[in-house]
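Each ligand, and each atom within it, is numbered from 1 in the order the structure gives.
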Amino acid sequence: MTNSLEGLKYMKMLVTGGAGFIGSNFVRYILEKYPDYQIINLDKLTYAGNLENLKEIEGYPNYKFVKGDILNAELVEHIAKDVDIIVHFAAESHVDRSVLDPFSFVKTNVLGTFVLLEAARKLGNKRFHHISTDEVFGALALEDSHKAFHEETPYDPKSPYSSSKAASDHLVRAYFHTYGLPITISNCSNNYGAYQFPEKVIPLFVTNLMEGKKVPLYGDGKNVRDWIHVDDHCAAIDSIIHQGKIGHTYVIGADSEKSNYELTMAILKTMGMSEDMIEFVKDRPGHDRRYAVRSHKIKAELGWQPKMDFDAGIKKTIQWYINNEWWWRRVKSGEYLEYYDRWYNR
Ligand code: NAD
Ligand code: DAU
């Protein structure tokens, strides 16, 4: 099946979850690169969704925001009627919260994806790009430093979050095989950058340090994550939407593995602080030891390459949180503080 969007000069997209971290960076990226494209952003505005992430494009004529739940089939069918593609970011995304409240992950990530797929099918098999995670592949051991996830790695998710994302990936593939829905899937590694909700490790640690608080490092601090700047992730999605092979999966990463301790030391050094600011705390239950991805396929087939080197990216990101204190102070309050209480008193 060919990618019907290849070479298209104009596109109308339904983006779900466009008020969250990656979704808002993606909406901005697309409207800057393709000023004639139209975007409808469907977002429920959960604790993680924030219209302040998109304030620069408010009132932009090619952009429309719709507040709503992806589980609302009637609404989804109505707004997806004349779009060329659905780009699906909306999800419950934080592993720790999935430990406390797995049901909301199953609802949004599994049932929500199902509702969108059904709408895409009923509306004449709309093109569908599904944003997923490398966490569906499970965990690698620290000793197996030569191993990394790739497109053929078997699924082995370990947390309620990654299991719900794995279930959604399977549903998306089932709609391709059963109904011929023109889908693509991407499984990306850990993102960082502007507008990331300060429950995730990088913005949590940077903002804690700005508040004069210590940073809570889980377990022994040796768990490894493979970091990619959000702009590189957005560029990768752009290339898959326009040139990706239908029915295919693309694994995305920027070859930037760091242990959590190394990451923390990089943040502390950039902010001119010492190791004394680390507090080792109780580990996350079922904490995946190591993630690493090899994105040979997207590089070879679509010519995508990550551009942001980690050292430059982390400095730029820290500076963004320093310059945008108003943004994170507003979200690091209310519901967030209640969640934190629940997490540390679990
Ligand atoms: P996020 O939590 O910052 O944003 C999620 C957005 O989805 C929010 O705006 C929220 O309001 C919206 N949303 C949640 N439930 C909804 C519902 N039922 N209906 C409509 N909108 C709803 O998440 P993120 O970090 O930007 O992640 C976006 C996507 O990328 C997710 O699918 C996630 O699994 C995937 N992903 C994230 C990373 C990462 O490092 N953050 C890496 C790989 C893949
Ligand atoms: O790999 C992609 C995934 O990356 C995405 O699918 C998820 O949506 C995203 O949240 C992220 O998951 P992680 O669990 O890896 O991200 P988090 O920022 O929560 O944690 C990163 C590492 O830092 C992890 O090993 C746990 C550790 N950590 C995290 C927090 C919040 C700490 O040591 N202390 C903390 O307070």
Side-chain angles (χ1 to χ4, degrees), residues 15-26 41-51 53-54 66-72 75-76 87-99 104-105 107-109 111-113 115-116 130-137 139 149 157 159 161-162 164-165 168-169 186-193 195-205 208 214-228 230 233 237 251-253 258-261 263-264 278-284 287-293 331 340 343-344:
V15 171
T16 70
F21 163 48
I22 308 174
S24 63
N25 278 285
F26 179 76
N41 172 12
L42 172 64
D43 198 297
K44 185 181 170 182
L45 298 183
T46 66
Y47 78 93
N50 183 355
L51 290 180
N53 298 3
L54 287 163
V66 177
K67 182 170 186 232
D69 196 322
I70 56 169
L71 283 144
N72 182 343
L75 173 69
V76 168
V87 188
H88 177 34
F89 292 89
E92 288 295 338
S93 69
H94 191 39
V95 175
D96 294 344
R97 286 186 190 249
S98 83
V99 174
S104 63
F105 285 69
K107 272 192 290 195
T108 288
N109 300 359
L111 292 176
T113 302
V115 168
L116 291 169
H130 180 59
I131 313 295
S132 191
T133 168
D134 63 349
E135 297 196 12
V136 297
F137 302 120
F149 304 138
S159 72
Y161 163 69
S162 53
S164 68
K165 292 298 290 187
S168 68
D169 291 12
S186 48
N187 296 92
C188 190
S189 65
N190 283 65
N191 283 224
Y192 69 100
Y195 297 106
Q196 186 167 32
F197 195 85
E199 64 190 353
K200 308 286 165 50
V201 71
I202 292 180
L204 174 69
F205 282 16
N208 268 16
K214 291 198 170 195
V215 296
L217 197 51
Y218 293 167
D220 59 9
K222 290 185 181 156
N223 297 59
V224 170
R225 296 293 181 265
D226 196 350
W227 292 96
I228 181 170
V230 66
H233 186 189
I237 298 167
V251 160
I252 305 168
K258 305 266 172 255
S259 72
N260 292 334
Y261 177 77
L263 171 74
T264 308
I278 297 179
E279 184 179 5
F280 285 92
V281 298
K282 181 159 97 173
D283 208 353
R284 166 188 286 174
H287 194 173
D288 287 343
R289 200 54 161 158
R290 172 174 167 256
Y291 303 145
V293 309
V331 293
Y340 247 74
W343 176 245
Y344 279 103

K.L.:
Heavy-atom contacts with D134 under 4.0 Å: which atoms of ligand 2 show up? List them by number with element.
P.N.:
1 (O), 2 (C)
K.L.:
Backbone, side chain, both or neither: what part of E135 comes under 4.0 angstrom of ligand 2, heavy atoms only?
P.N.:
side chain
K.L.:
How long is the span from the NE2 atom in H287 to the NZ atom in K222, to the nearest 0.5 Å?
P.N.:
13.5 Å
K.L.:
In terms of residue, atom name and distance, what is the protein heavy atom nearest to atom 8 (O) of ligand 2?
P.N.:
S93 O, 2.8 Å
K.L.:
Write out the residue and atom name of the closest protein heavy atom to atom 17 (P) of ligand 2, then the distance separating them to 0.1 Å.
P.N.:
R284 NH2, 3.9 Å
K.L.:
Looking only at distance, does P216 have an N or O less than 3.5 Å from an N or O of ligand 2?
P.N.:
yes
K.L.:
Considering the heavy atoms of L217, write down every atom of ligand 2 situated less than 4.0 Å from one of them.
P.N.:
33 (O)
K.L.:
Can you measure from CZ (F149) to CD (E135) and round to the nearest 0.5 angstrom?
P.N.:
8.5 Å
K.L.:
Pairs of nitrogen or oxygen atoms closer than 3.5 Å, one from Y340 and one from ligand 2: do any exist?
P.N.:
no
K.L.:
So, do D43 and T16 sit near enough that their side-chain heavy atoms are less than 4.5 Å apart?
P.N.:
no
K.L.:
Within the side chain of N191, is there an N or O that forms a donor-acceptor pair under 3.5 Å with the backbone of I228?
P.N.:
no
K.L.:
Side chain, backbone, both or neither: which part of E199 comes within less than 4.0 Å of ligand 2 when only heavy atoms are counted?
P.N.:
backbone
K.L.:
Could you list the atoms of ligand 2 found under 4.0 angstrom from a heavy atom of T133?
P.N.:
1 (O), 2 (C), 3 (C), 5 (C), 6 (O)
K.L.:
Between D288 (side chain only) and A139 (backbone N and O only), is there a donor and an acceptor less than 3.5 Å apart?
P.N.:
no
K.L.:
Find out whether the Lys NZ or Arg CZ of R284 is both under 6.0 angstrom from the six-membered ring centre of Y218 and within 45° of the ring's axis.
P.N.:
no
K.L.:
Is it the case that ligand 2 has an N or O less than 3.5 angstrom from some N or O of N260?
P.N.:
yes
K.L.:
For G20 and N53, which heavy atoms make the closest approach, and how far apart are they?
P.N.:
O-ND2, 3.6 Å
K.L.:
Roughly how far, to the nearest 0.5 Å, is the CG atom of D96 from the OH atom of Y161?
P.N.:
12.0 Å
K.L.:
Between atom CH2 of W343 and atom CD of E199, what is the distance when rounded to the nearest 0.5 Å?
P.N.:
11.0 Å
K.L.:
Is it the side chain (CB and beyond), the backbone, both or neither of V201 that lies under 4.0 Å from ligand 2, heavy atoms counted?
P.N.:
both
K.L.:
Taking the six-membered ring of Y47, is the NZ or CZ of R97 close enough (under 6.0 Å from the centre) and on axis enough (within 45°)?
P.N.:
yes
K.L.:
I need the I237 CD1 to I131 CD1 distance, nearest 0.5 Å.
P.N.:
3.5 Å
K.L.:
Using a 4.0 Å cutoff against the non-hydrogen atoms of Y161, which atoms of ligand 2 qualify?
P.N.:
5 (C), 6 (O), 7 (C), 8 (O)
K.L.:
If you have a sec, work out which protein heavy atom is nearest atom 24 (C) of ligand 2 and how many Å separate them, to one decimal?
P.N.:
H287 NE2, 3.4 Å
K.L.:
Which atoms from ligand 2 have a heavy atom of V95 less than 4.0 Å away?
P.N.:
14 (O)
K.L.:
Just jot down the ligand 2 atoms closer than 4.0 angstrom to any heavy atom of Y291, in number order.
P.N.:
1 (O), 15 (O)
K.L.:
Which heavy atom of the protein is the closest neighbour of atom 16 (O) of ligand 2, given with residue, atom name and distance?
P.N.:
N190 ND2, 3.5 Å
K.L.:
Select one of side chain, backbone, both or neither to describe which atoms of L204 lie under 4.0 Å from any atom of ligand 2, heavy atoms only.
P.N.:
side chain
K.L.:
Under 4.0 Å from a heavy atom of H94: give me the atoms of ligand 2 that qualify, with their elements.
P.N.:
19 (O)
K.L.:
Does a salt bridge link D220 with R289, judged by any charged N lying under 4.0 Å from a carboxylate O?
P.N.:
yes
K.L.:
Would you mind checking which non-hydrogen protein atom is closest to atom 35 (C) of ligand 2, with the distance to 0.1 Å?
P.N.:
Y218 CZ, 3.3 Å
K.L.:
Is a side-chain donor or acceptor of S132 paired with a backbone partner of D169 at a separation under 3.5 angstrom?
P.N.:
no
K.L.:
Would you please indicate yes or no on a ring centroid separation below 6.0 angstrom for F26 and F89?
P.N.:
yes
K.L.:
Picking from N187, I252, D226, N190, what satisfies side-chain contact (heavy atoms from CB on, under 4.5 Å) with V293?
P.N.:
D226
K.L.:
Counting only nitrogen or oxygen atoms and a 3.5 angstrom limit, does N223 reach ligand 2?
P.N.:
no
K.L.:
Can you pull the residues with any heavy atom under 4.0 Å from ligand 1?
P.N.:
G17, A19, G20, F21, I22, D43, K44, L45, T46, A48, G49, G68, D69, I70, F89, A90, A91, S93, T108, I131, S132, T133, Y161, K165, C188, S189, N190, N191
K.L.:
What distance separates T264 OG1 from I278 CD1, expressed to the nearest 0.5 Å?
P.N.:
5.5 Å
